[in-house]
Amino acid sequence: MPEKIIIDTDPGQDDAVAILLALASPGDIDVLGIVAVAGNVSLAQNAKNALKVVELSGRTDVPVYAGCARPLRRPLVTAEHVHGQTGLDGPDLPEPQKQLEEMHGVDFIVETVLREPAGTVTLCALGPLTNLAMALVKAPEIAGKIKQIVLMGGAYFEVGNITPAAEFNIYVDPEAADIVFSSGVPIVMMPLDVTHQMLSTHERIETFDGIGNKTGAAVAAMLGFSERFDLEKYNWKGAPLHDPCVTAYLIEPGIFEGRQCNVEIETSSELTRGMTVTDYWHVTDRPKNAFFVRSGDSDAFYALLTERLARLP
Ligand code: RIB
Ligand code: CA
């Protein structure tokens, strides 16, 4: 049976690849809906980008919703410096014909989890956790019904990417992350520790382009744009590809390795705001609330991506 999921996202080129991977894999993943959140760029732009990606995939059957326009307590921090002014710079994707759904994205999350049989819906979070936190605050009863939350966010051994201590998704809304990580919902966490092993080398980007379809060309253009900031910063053979680790995990969990740990979120200190304090060596008796993924097989990851993107138009 395919995994029933809701994707919460701030596309973002890497979000787009994660969404395309899910939409290309109906035998493994049943995407019930996509909810945009403010993050990489504004909510409105992220929502528009989500519509563009759905249309690129041909899966216009999948509904797209707009969620929250800013973090719970703090002003929004965006990342145009990485993703470009549109948040999806690189390919020239047409203006979307598909419209957003009327319902608020947080209400869609709540209503879907309450409607579906308990323990059958996975939430895949690719951006700041504002929508998930709001859903948990609005309807605390959903915590016992969500199967799991698989999220891209945080870092421990790899330290931060937006500050020395914090990864962007957690940094933008640390209060939301704290609500999610203390909710009791099973969490699988894809931190920078594993995403920094998934490098989009030029050979891998050329392989995407070589698929020969519209999707492969668009993905190559996306990554060819978003890589420049990270290549200059890290001077690696390729830029890390973050969000597709989430949807790849649902298809081939064996690509990844990790351990159950306690993860707490720093919300008080301005110096370390958004840090995911991970008890990796179990030196405390704090509850082991997250499966912390520390490593992965990058060849298997890119082989899966290439094979699945080839299934799209
Ligand atoms: O730190 C990486 C994360 O921040 C990714 O989800 C990327 O899309 C940005 O949102
Ligand atoms: Ca993202």
Side-chain angles (χ1 to χ4, degrees), residues 6-22 34-43 45-50 52-53 64 67-68 70-71 76-90 105 123-132 149-174 176-177 180 188-200 219 222-223 225-231 233-234 236 238-249 265 273-276 293 296:
I6 295 172
I7 298 175
D8 194 86
T9 179
D10 62 337
Q13 291 85 354
D14 61 320
D15 302 65
V17 180
I19 294 167
L20 291 167
L21 175 58
I34 295 172
V35 182
V37 67
N40 281 324
V41 290
S42 72
L43 170 68
Q45 189 61 51
N46 284 335
K48 184 177 184 181
N49 292 343
K52 286 186 174 184
V53 172
V64 180
C68 295
R70 49 150 290 196
L76 176 61
V77 172
T78 53
E80 286 86 353
H81 60 289
V82 177
H83 300 280
Q85 285 308 308
T86 71
L88 202 58
D89 285 24
L123 304 185
C124 292
L126 311 180
L129 293 168
T130 313
N131 290 336
L132 273 65
I149 294 170
V150 187
L151 63 90
M152 190 278 138
Y156 191 58
F157 300 96
E158 197 65 12
V159 298
N161 62 358
I162 188 78
T163 73
E167 177 278 326
F168 179 80
N169 288 339
I170 310 299
Y171 176 80
V172 168
D173 199 340
V180 169
V188 175
M189 176 184 177
M190 293 287 170
L192 297 179
D193 302 81
V194 64
T195 68
H196 280 188
Q197 297 172 26
M198 305 302 171
L199 300 184
S200 289
V219 165
M222 288 178 197
L223 301 184
F225 177 88
S226 58
E227 70 172 7
R228 77 214 186 294
F229 178 79
D230 283 333
L231 289 182
K233 174 178 177 182
Y234 296 117
W236 292 337
L241 187 53
H242 307 288
D243 293 338
C245 289
V246 169
T247 42
Y249 173 82
I265 312 298
R273 151 201 170 169
M275 182 175 181
T276 47
V293 177

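Sequential numbering from 1 along the given sequence is applied to the chain's residues. One-based numbering, in listed order, for ligands and for the atoms of each. Just so you know, these numbers come straight off a predicted model, no measurement behind them.
- A side-chain N or O of Asp10 and one of Asn40 form a donor-acceptor pair less than 3.5 Å apart.
- Shown are the protein N/O/S atoms under 3.0 Å from the Ca ion (ligand 2), given by residue and atom: Asp10 OD1, Asp15 OD1, Asp15 OD2, Leu126 O, Asp243 OD2.
- Looking at every heavy atom in both residues, Leu223 comes nearest to Ser200 through CD1-OG, 3.7 Å.
- At distances below 3.5 Å, at least one donor-acceptor pair connects side-chain atoms of Thr276 with backbone N or O atoms of Ala155.
- Residues with a heavy atom under 4.0 Å from ligand 1: Asp10, Asp14, Asp15, Asn40, Leu126, Met152, Asn161, Glu167, Phe168, Asn169, His242, Asp243.
- Of all heavy-atom pairs spanning Gly12 and Asn49, the tightest one is N-ND2, 4.5 Å.
- The two residues Leu21 and Ala248 have their closest heavy-atom pair at CD2-N, 3.6 Å.
- With rounding to the nearest 0.5 angstrom, the CG atom of Asp243 is 10.5 Å from the CD atom of Gln13.
- Atom CG of residue Leu132 and atom CG of residue Leu151 lie 8.5 Å apart, to the nearest 0.5 angstrom.
- Gly153 and Glu167 make their closest contact through CA-OE1, 3.2 Å (heavy atoms, listed as atom of the first residue, atom of the second, distance).
- Taking the six-membered ring where tryptophan is involved, the planes of His196 and Trp236 are perpendicular, since the angle between them exceeds 60° and thus also 30°.
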